[in-house]
Amino acid sequence: MPNYAQVIVDVKAMQTNRPYTYQIPAELKDQIQVGMRVVVPFGKGDRKVQGFVVELSEKVTFADQIEPKQIEALMDLTPVLNEEALALADHLARETFAFKIRCLQVMLPNVMRASYSKGLRLLPTASSELKQFFGAKEELEFSAERFSKAEQALLRKAQKAGQLEVIYHVKDRARVKKTKFLTSLVTRQNYAEFKAKVRKNATKQLDLLAFLAAKSGQELLQAQVQAQLDLTASQLKKASESGWIKQFERETYRDPTQTKDYGQSVPKILTAEQKNAVDQITSAVKQAQATTFLLQGVTGSGKTEVYLQTIARVLEQKKQALMLVPEISLTPQMVARVKARFGKQVALLHSALSDGERYDEWRRIERGEASVVVGARSAIFAPLTDLGVIIIDEEHETSYKQEDMPRYQAKEVALWRAKYHNCPVVLGSATPALETRARAQKGLYTHLQLTKRINGDNLPEVTLVDMRKAKLTAPDPDFSKEMLEALAKCLQRKEQAVLMLNRRGYSAFVMCRECGFVLKCPNCDVSLTLHMDTHSMKCHYCGHEEAIPHVCPQCHSRKIYYYGTGTQKIEEKLNQLLPDAQILRMDVDTTRKKGAHERILQQFGAKQANILLGTQMIAKGLDFPDVTLVGVLNADTALEFPDYRASERTFQLLTQVSGRAGRADKKGHVVIQTYNPEHYAIQLACQQNYERFFFQEMQLRHLNDYPPYYYTIKITVSAESENLAAKESFLIKKQLAQCLSADAIILGPTPSAIMRIKNRFYYQLVIKYKHEQALESYLEELVIQSQRGEKKGLQVVVDRDPVNFLT
DNA sequence: AGCACGCCGACT
DNA sequence: GTCGGCGTGCTC
């Protein structure tokens with residue numbers, strides 16, 4: 001019998017990474033298990049917090065004379081985290097320098113994270129003044145915002161005087177959805193008897209009785225019966241009281257796609273390359289080998305079919321499959337494709353689900369009712385217990401890295417889980433991340449290649465337009481002659497075009513021609529962008545909004561104009577330059593609403609427009625047979641980024657977007673406008689030459705000591721005062737210099753590329769290293785110690801293998 | 001978050 | 001001398 005439990009506690013302000021010991025009350029001893037959530041008292045005030053049981057023991061394991069406190073309650077009947085999840089949380093905490101509690105919570109759906117509230121309850125000794133303050137209520141919910149400082153002082157005094165007590169609530173938001181059913185108890189025998197008791201003119205009741213008699217003994221959905229016979233819930237309740245029916249509730253899932261019919265799709269015939277890939281992966285599945293495969297295949301080479309047939313083999317082995325795709329490509333078409341092949345066995349985890357729906361999908365997986373899981377990044381934690389394969393599509397996508405605590409890389413989590421389950425991992429991409437391709441080169445990963453497009457070899461023709469020269473003859477600074485001609489021809493042939501505007505850091509802003517003043521956000525270090533739809537200037541980082549100025553705020557000149565180009569402005573120009581064009585615009589503004597993204601794609605697919613104009617998001621995974629022209633308006637903006645992956649990103653983006661042209665029998669054409677036509681990333685993207693790019697980029701990384709030759713860790717320090725942020729970052733550098741060997745390189749501290757966001761100043765340090773004995777423990781300590789700085793508004797973030805260097 | 005402890009200034 | 005300010009540290 002366990003007497004004590006080790007509990008990882010959810011403490012807000014000061015998190016330590018060690019568990020706390022609690023006593024298990026006698027009545028819970030036979031129920032408590034490792035992996036359950038509990039409510040425990042914590043701190044001097046014994047406020048109640050949620051915790052996770054990570055260990056049970058008979059004796060106290062910590063040397064202290066005080067008696068541990070008792071567990072207040074169990075929140076679960078069965079463990080919500082299994083052994084694997086607990087081990088993975090430990091690993092994550094160590095690997096990402098995150099607090100254990102966060103690592104445990106990230107494995108569970110949001111609703112299982114407790115919500116806390118504080119209540120104040122009147123005691124009999126309360127003064128009449130206090131009673132008045134409470135009004136008629138016994139208990140008030142306390143929140144700091146709701147009461148004034150004076151009121152808070154009053155309440156505090158009353159609490160000290162023993163006139164009221166503080167009650168802490170830990171609420172489990174996980175709610176199982178129940179649906180009402182009923183069973184008809186009306187039989188041929190008792191029908192007449194029931195009928196005799198009903199008034200002759202009570203038509204509704206007589207109808208119901210007849211209906212029930214016809215369905216004798218059957219289970220019916222209450223909502224359906226109500227709708228069909230136009231009855232209210234209370235009328236059915238009466239029927240239940242009369243003994244006509246028996247009402248009951250049953251647990252149901254909130255899965256909106258469950259009832260949808262996706263039809264059925266059959267496996268396609270594989271090419272020799274595809275078959276080889278499926279065979280090799282399947283063999284690893286059968287032999288339970290944790291091999292990692294890099295499936296490198298150009299756009300249109302049929303990677304998805306390899307995934308689907310691999311999953312089918314895994315299911316034949318009575319094992320389960322987990323497939324990650326970037327959030328942006330988790331479109332209805334993509335979902336339909338998987339559901340059509342595997343039907344109800346598929347569980348879907350994506351951000352569009354409500355918390356409740358997500359919880360239900362999680363429970364379906366946990367109970368083993370779904371053996372194929374498809375989802376975005378966080379689906380990597382899906383509670384599958386018998387994994388046969390993990391597939392990561394578009395593995396080079398940076399969105400597989402979580403950008404807040406715990407800052408995990410889903411690919412690395414996949415490798416860990418694969419090792420735990422002895423199953424293969426498939427990393428798929430047309431343009432693999434350099435690190436991935438390098439591991440394949442070294443033989444750590446098995447390299448599988450799909451070199452042929454399914455529909456024959458029809459790589460698009462690429463035209464590179466040098467905008468430095470084009471500018472002189474172009475009818476417009478944003479559109480070269482070549483681009484406009486290609487568009488016009490495409491429209492003439494009644495085909496479709498996709499136009500990409502590389503937006504980041506390149507949108508319409510306002511500048512004064514007289515004094516050079518640029519309108520900037522008052523809270524962040526970025527210029528405000530012009531939004532024609534709302535006729536205002538907006539900040540993309542904090543949402544600040546103000547009116548469009550007509551005179552320069554600095555020199556009062558009237559010569560204040562719009563510069564740069566946003567998708568809106570391009571759309572307007574395009575309408576003038578090509579009056580025949582019907583344009584659909586897809587960017588942050590038009591896709592903000594839920595489902596808007598899909599709607600735009602669907603409209604374009606249905607030929608309601610002939611030009612799709614958008615930002616990077618149009619480069620990902622859309623597949624329209626009639627698109628024969630792809631235009632890139634500004635290929636270089638990603639090159640200017642303060643990021644050692646800038647070339648790689650540019651190459652990937654251009655290669656991907658080029659692959660969108662001419663996928664079917666029609667010849668495709670790609671027009672790329674650039675100011676750096678001789679840049680290797682742009683040149684090699686035009687040639688669709690990944691291999692050359694890989695070797696060239698590897699040389700540069702080697703030369704500059706960047707991954708995959710070095711590991712990187714980024715430390716970001718931010719505060720409301722620039723001075724404080726700078727001071728702290730220099731202090732950290734000093735400490736780092738002491739614990740690092742001479743082989744390590746510290747870059748910075750420097751102000752981040754965007755130094756100020758929401759009135760906070762950002763400084764960053766980047767450590768490049770190969771082996772450092774003391775680094776891990778220093779950073780672990782740094783993360784824990786830096787919590788105390790949070791009271792002063794000082795924040796320190798440690799990010800292993802960072803993908804974002806802007807902040 | 002909330003409570004104790006400890007070190008300085010203003011005060012009955 | 002003592003009361004109380006809040007900066008600092010800890011919570012099984």
Side-chain angles (χ1 to χ4, degrees), chain A residues 2-26 28-29 32 34 36-75 86 99-102 104-105 113-121 140-147 149-171 719-721 724 727-728 731 780-796:
Chain A
N3 296 313
Y4 299 95
Q6 302 292 315
V7 179
I8 298 280
V9 178
D10 180 22
V11 185
K12 295 279 134 67
M14 192 67 187
Q15 185 62 51
T16 50
N17 261 346
R18 63 170 193 281
Y20 289 96
T21 307
Y22 282 90
Q23 269 189 313
I24 306 167
L28 299 181
K29 276 182 188 170
I32 196 163
V34 168
M36 282 181 174
R37 296 172 303 156
V38 289
V39 179
V40 293
F42 193 84
K44 299 280 147 60
D46 275 347
R47 66 184 206 287
K48 306 294 181 283
V49 296
Q50 189 186 48
F52 289 87
V53 178
V54 293
E55 210 185 304
L56 296 171
S57 60
E58 259 176 70
K59 293 204 183 95
V60 198
T61 49
F62 78 115
D64 205 341
Q65 55 279 72
I66 56 151
E67 186 74 343
K69 292 180 184 176
Q70 286 215 331
I71 288 175
E72 170 106 357
L74 301 181
M75 291 180 77
L86 293 172
F99 300 125
K100 269 201 190 122
I101 186 74
R102 300 297 207 82
L104 292 163
Q105 284 169 338
R113 216 166 296 171
S115 71
Y116 298 104
S117 64
K118 200 170 111 175
L120 302 171
R121 187 181 292 170
L140 275 186
E141 195 182 308
F142 179 85
S143 68
E145 313 89 69
R146 258 227 322 262
F147 299 113
K149 279 256 153 54
E151 286 170 329
Q152 283 184 45
L154 185 92
L155 290 169
R156 188 169 282 240
K157 216 178 264 170
Q159 187 200 340
K160 278 224 171 93
Q163 297 181 357
L164 53 82
E165 64 175 335
V166 181
I167 296 176
Y168 298 94
H169 300 283
V170 180
K171 254 188 274 162
E720 276 165 41
S721 109
L724 192 61
K727 238 161 82 188
E728 180 71 11
L731 182 74
E780 264 166 46
E781 199 53 28
L782 176 68
V783 168
I784 288 173
Q785 290 309 315
S786 62
Q787 288 180 98
R788 69 181 72 246
E790 257 156 50
K791 282 192 196 118
K792 287 181 277 178
L794 195 66
Q795 207 193 6
V796 178

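Lettering follows sequence order; numbering is per chain, from 1.
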With sequence neighbours left out, write down each residue that passes side chain to side chain contact (heavy atoms under 4.5 Å, CB included) with A:Leu140, or none if nothing qualifies.
-> A:Phe133, A:Phe134, A:Lys137, A:Phe147
Applying side chain to side chain contact (heavy atoms under 4.5 Å, CB included) to A:Glu790 and not counting sequence neighbours gives A:Gln795
Answer with yes or no whether the side chains of A:Gln23 and A:Glu67 bring together a donor and an acceptor at under 3.5 Å.
-> yes
Ring pair (Phe, Tyr, Trp, His ring centres under 6.0 Å) filter on A:Tyr22, not counting sequence neighbours, yields none
Kindly give the atom pairs (protein nitrogen or oxygen, nucleotide nitrogen or oxygen) under 3.5 Å for nucleotides 4-7 of chain C.
none

Residues in salt bridge (charged side-chain N to carboxylate O under 4.0 Å, His left out) with A:Lys69, at least two apart?
-> A:Asp46
Rounded interatomic separation in angstrom, taking NZ from A:Lys44 and P from C:dT11 | 7 Å
Chain A footprint on DNA chain B, 5' to 3' - any atom under 4.0 Å from a heavy atom = B:dA1 to B:dC3
Residues in side chain to side chain contact (heavy atoms under 4.5 Å, CB included) contact with A:Arg113, at least two apart in sequence or another chain | A:Gln105, A:Asn110, A:Arg173
Rounded to whole Å, the CD-C1' distance (A:Gln787 to C:dG9) equals 13 Å
Round to the nearest Å and state the distance from A:Lys69 atom NZ to C:dC10 atom C1'.
-> 11 Å
Which whole-number value in Å describes the distance from A:Lys48 NZ to C:dT11 C1'?
-> 14 Å
Starting from P on C:dC12, measure out to CD on A:Glu72 and report it in whole angstrom.
-> 14 Å
Applying side chain to side chain contact (heavy atoms under 4.5 Å, CB included), name anything that partners A:Glu781, two or more places apart in sequence or on another chain.
-> A:Gln785
Using atom CD of A:Gln785 as one end and atom C1' of C:dT8 as the other, report the distance to the nearest whole Å.
-> 12 Å
With sequence neighbours left out, the residues meeting salt bridge (charged side-chain N to carboxylate O under 4.0 Å, His left out) with A:Arg121 are A:Glu139
Select base, sugar-phosphate, or nothing to describe what A:Tyr168 touches, counting heavy atoms under 4.0 Å on all strands.
-> sugar-phosphate
d(CD1, A:Ile784; P, C:dG9) in whole Å = 15 Å
